[in-house]
Amino acid sequence: MTIEICCGNLESAINAEAAGADRIELCAELAVGGITPSYGLIAEVVKQISIPVYVLIRPRSGDFTYSDAEFEAMKKDIQICQKLGCSGIVSGILLENSEIDIPRTEELIRASKPLAFTFHRAFDWVPDPLQSLQHLEKMGANRVLTSGQQPKASQGLNLLKELKNSAESITILPGAGITAENAGLFKHAGFNEIHSTATQFQSQIFNKNVPMNSLKHLAEEQRAVSNLQQIKALIASCKT
């Protein structure tokens, strides 16, 4: 089973490789579901680890319906990822009714080649997941990251299995809430890949005496870092 770890910083990417992960999805701002990371971070991660790096192309948080300017920025971000030596792109676009924006998503897939393309968890918003899967197969997407349209993939297992059984040329990548404790569900169901954050939170210390409301707020926040031991336990549960 291929283990993909979602990483929001360089430390997490290094931990993922050290623990034995097969691939990472690199993003920024995990707290809002992830957005496109900086070029500097992408370059440094590709330089420092040897496993494949897939990059999230999402220009902002919120919905997945983008303006023309945002769409152009996404295509430029994909070009940068190609130049920096990334292995894959993770992205997707929806219409206002939450159906897949087929022309634009197809354009993103073409722009990504020869890199692999994962349609991300915008898939969990679509009204007809089986039909949407067929569209993505015709477009040439390589995989779909989905929780089975539930808060956690373990809760969406029935739909995930239905999608897997319907897929002909595309990989179903279960993700959301997958840990060492429940990874066996996906192994026994016949999935070949899973996606996990395996994250722990580290407290961030700021000067609370600085008279700026933003800094006072930041003093109470934590930083998410992929946990070496959690990833090792996850891998052990899937590959033994």
Side-chain angles (χ1 to χ4, degrees), residues 1-38 40-58 81 84-90 115-118 120-121 142-148 151-157 160 171-204 221-240:
M1 180 178 279
T2 297
I3 310 298
E4 177 181 276
I5 300 296
C6 184
C7 300
N9 48 57
L10 177 60
E11 182 180 355
S12 294
I14 292 172
N15 285 348
E17 180 174 46
D22 300 291
R23 181 177 71 231
I24 71 162
E25 179 198 328
L26 184 64
C27 64
E29 301 298 337
L30 278 170
V32 295
I35 59 173
T36 305
S38 71
L41 176 58
I42 298 170
E44 197 63 22
V45 167
V46 170
K47 175 184 175 181
Q48 294 212 28
I49 70 173
S50 59
I51 59 176
V53 176
Y54 285 21
V55 178
L56 177 65
I57 304 299
R58 185 186 181 202
C81 289
L84 291 175
C86 300
S87 298
I89 298 298
V90 182
L115 307 187
F117 187 92
T118 300
H120 57 35
R121 286 193 61 200
N142 300 96
R143 58 183 49 80
V144 177
L145 172 61
T146 171
S147 65
K152 293 184 178 181
S154 57
Q155 298 168 321
L157 189 56
L160 287 167
T171 298
I172 304 302
L173 176 61
I178 298 181
T179 65
E181 288 70 32
N182 62 21
L185 293 173
F186 305 93
K187 178 181 179 180
H188 296 313
F191 289 94
N192 296 320
E193 304 187 4
I194 56 173
H195 170 101
S196 176
T197 54
T199 296
Q200 73 177 45
F201 292 92
Q202 297 179 351
S203 296
Q204 297 290 281
E221 291 190 352
Q222 294 182 314
R223 185 168 69 102
V225 179
S226 295
N227 183 278
L228 192 72
Q229 297 307 317
Q230 288 184 29
I231 300 171
K232 286 183 176 180
L234 175 65
I235 292 170
S237 70
C238 295
K239 298 193 175 185
T240 56

Taking E193 for its side chain and E4 for its backbone only, find out whether a donor-acceptor pair lies under 3.5 Å.
no
Return the minimal non-hydrogen interatomic distance between A153 and G175, and the atom names on each side.
CB-O, 3.7 Å
Nearest heavy atoms of S196 and I178, plus distance in Å
OG-O, 2.9 Å
Reported NE2-to-CZ distance for the pair H195 and R121, which is rounded to 0.5 angstrom
8.0 Å
Using a 6.0 Å cut-off, check whether atom CD of E29 has over 12 heavy atoms from anything other than its own residue.
no
Kindly say whether F117 contributes a backbone atom to a donor-acceptor pair with the side chain of N142 at under 3.5 angstrom?
yes
Which atom of I42 lies closest to which atom of C86, heavy atoms considered
CG2-SG, 3.4 Å
Flag the pair F186 / L157 as yes when at least one side-chain heavy-atom distance between them is below 4.5 Å, and no otherwise.
yes
Closest approach of V46 and G85, non-hydrogen atoms and distance?
CG1-O, 3.9 Å
Answer whether the closest heavy-atom distance between the side chains of E25 and L145 falls below 4.5 Å.
yes
Backbone N or O of T2 within a donor-acceptor pair of the R23 side chain at under 3.5 Å?
no
If you measure from CD1 on I14 to CD1 on I49, what distance do you get to the nearest 0.5 Å?
8.0 Å
With a 3.5 Å distance limit and no angle check, can you tell me whether S12 reaches the backbone of S226 through a side-chain donor-acceptor pair?
yes
Non-hydrogen atoms of V45 and L10 that approach each other most closely:
CG2-CD1, 3.8 Å
Under a 3.5 Å distance rule, please check whether T36 uses its side chain to pair with a backbone N or O of L56 as donor and acceptor.
yes
Going by the side-chain contact (heavy atoms from CB on, under 4.5 Å) test, name the single residue among T179, I5, N182 that passes it with L234.
I5
V55 side chain reached by L115 side chain, heavy atoms, under 4.5 Å:
no
Keeping the roles fixed (side chain from T197, backbone from C6), state whether a donor-acceptor pair exists under 3.5 Å.
no
Please check: side-chain N/O of D22 versus main-chain N/O of I3, any donor-acceptor pairing under 3.5 Å?
yes
Mind checking the OG-NZ spacing from S237 to K232? Nearest 0.5 Å is all I need.
14.5 Å
Here the gap from S154 atom OG to E181 atom CD, rounded to the nearest 0.5 Å, amounts to 11.5 Å
Can you tell me how far CG of L160 sits from CG of L173, rounded to the nearest 0.5 angstrom?
9.5 Å
Between C81 and I57, is there a side-chain heavy-atom distance shorter than 4.5 Å?
yes
Reported CG-to-CD distance for the pair N15 and Q230, which is rounded to 0.5 angstrom:
10.5 Å
Got R58 and C27 here, is their nearest side-chain heavy-atom distance under 4.5 Å?
no
